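Note that the coordinates shown come from a computational prediction; the quantities given were computed from them, not determined experimentally. Excluded from the calculations below are hydrogen atoms, water molecules and symmetry mates; all remaining heavy atoms, backbone and side chain alike, are included.
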Amino acid sequence: MIIATWNVNSLNVRLPQVLDWLRDRQPDIMALQETKLTDADFPTLDIANAGYHAVFSGQKTYNGVAILSRMPAGEIVTDLPGLDDPQRRVLGATVGNLRVLNLYVPNGQAVGSEKYAYKLAWLDKLAEWLITERVPYPQLVVLGDFNIAPEDRDVHDPAAWAGQVLCSDPERAAFQRLLDLGFKDTFRLFPQEDHAFSWWDYRAAAFRRNLGLRIDHILASPALAAVCTTSQVDKAPRRLERPSDHAPVIAEFDLDLH
DNA sequence: ATGGTGGCGCGGCCA
């Protein structure tokens, strides 16, 4: 079973790339972030023609999340419990015997800003949710754009980024708290090349120079991590014309969805 | 160098 996550930075613009990627890689589950579409505008038909069910929680211009799956999804949740928030950043769904939580964690803008405080409060609510969610759903995957580079090796220039948003200690502590709950960062279950990133700024030819960060993650509950067989970043879509600034991240599991 | 690029949508916000 293959699970993937991709911040597409507008599903309108990136739909052809998403359809190509689905055809080539055939994931069982695909989590999308920054669809930037209202639910009325979601391309359900194109996705269905590609062989996938879709559930989504969108808004105009900003944010928006979706889960595409070979099998139909149920038990849909679109909000963090206890957080009244118009921003569409959360989508939980059950696909067969797997629980999927797709997240677009707030960016945080700058350390000390209002958006940064919102990000930390949001992550606090997330941890509280996972404490309860993992009980009925032992096979739980929590994935998406976390907007956190967990360690210095996830940053092209750790000295320049030290203490900056996406890399600050409180953000990393919030990420570590998720790991302390027993979730595994599947990417780090396996040997990886140095300088492996999932996001590169559009500016300053950052991708060509591999000036990136690894901020997109697939976290697996203990039961799921135990059957994880590989995880990698697929940089190919970042090389295309008019790419997203993020690349898809993949994890594969020795598990039958049923 | 306090910029640079991209999406949305048409001025400014967000990343």
* Is a salt bridge present between A/D185 and A/R214, judged by a nitrogen-to-oxygen distance below 4.0 Å? -> yes

* What is the nucleic acid contact for A/F207, judged by heavy atoms within less than 4.0 Å: base, sugar-phosphate only, or nothing? -> nothing

* **Pair A/K60 + A/D39: basic N to acidic O under 4.0 Å** => no

* For the pair made of NZ in A/K119 and P in B/dC14, what is the distance, rounded to whole Å? -> 15 Å

* **DNA chain B base-pair string [pairs: Watson-Crick or G-U under 3.5 Å; |: paired with another strand]** => ....((((...))))

* Asked: Do A/H246 and A/D216 meet the criterion of a side-chain donor-acceptor pair at a distance under 3.5 Å?
  -> yes

* To do: Applying side-chain contact (heavy atoms from CB on, under 4.5 Å) between A/L140 and each of A/L101, A/T94, A/V135, report the one that passes.
  => A/L101

* To do: Would you mind checking if A/R203 and A/D245 are paired as a salt bridge, meaning a charged N to carboxylate O distance below 4.0 Å?
  => no

* Spacing between A/D145 atom CG and B/dA15 atom P, to the nearest angstrom -> 10 Å

* Structure fact -> The contact string for nucleotides 4-12 of chain B, one letter per nucleotide 5' to 3', using protein heavy atoms under 4.0 Å with B, S and - for base, sugar-phosphate only and none, comes out as BBSSSS---

* Inter-nucleotide C1' distance (B/dG3, B/dA15), Å rounded -> 16 Å

* **A/W161 to A/C167 - nearest heavy-atom pair and separation** => O-CB, 3.6 Å

* To do: Please determine, by modelled atom types, if A/W199 and A/N7 share a side-chain donor-acceptor pair under 3.5 angstrom.
  => no

* Asked: Which part of the nucleic acid, if any, lies within contact of A/R89, taking any heavy atom under 4.0 Å across all strands shown: a base, the sugar-phosphate backbone alone, or nothing?
  -> sugar-phosphate

* Please state how far atom OH in A/Y118 lies from atom C1' in B/dC14, giving the value in whole angstrom units. => 13 Å

* To do: Write down the distance separating the P atoms in B/dG11 and B/dA1, rounded off to the nearest Å.
  => 34 Å

* To do: Classify the side-chain pair A/R88/A/N63 by whether it contains a donor and acceptor separated by less than 3.5 Å.
  => no

* When the P atoms of B/dC14 and B/dG9 are considered, how many whole Å apart are they? -> 14 Å

* Please indicate whether A/L45 has more than 12 foreign heavy atoms, meaning atoms of other residues, nucleotides or ligands, lying under 6.0 Å from its CG. => no

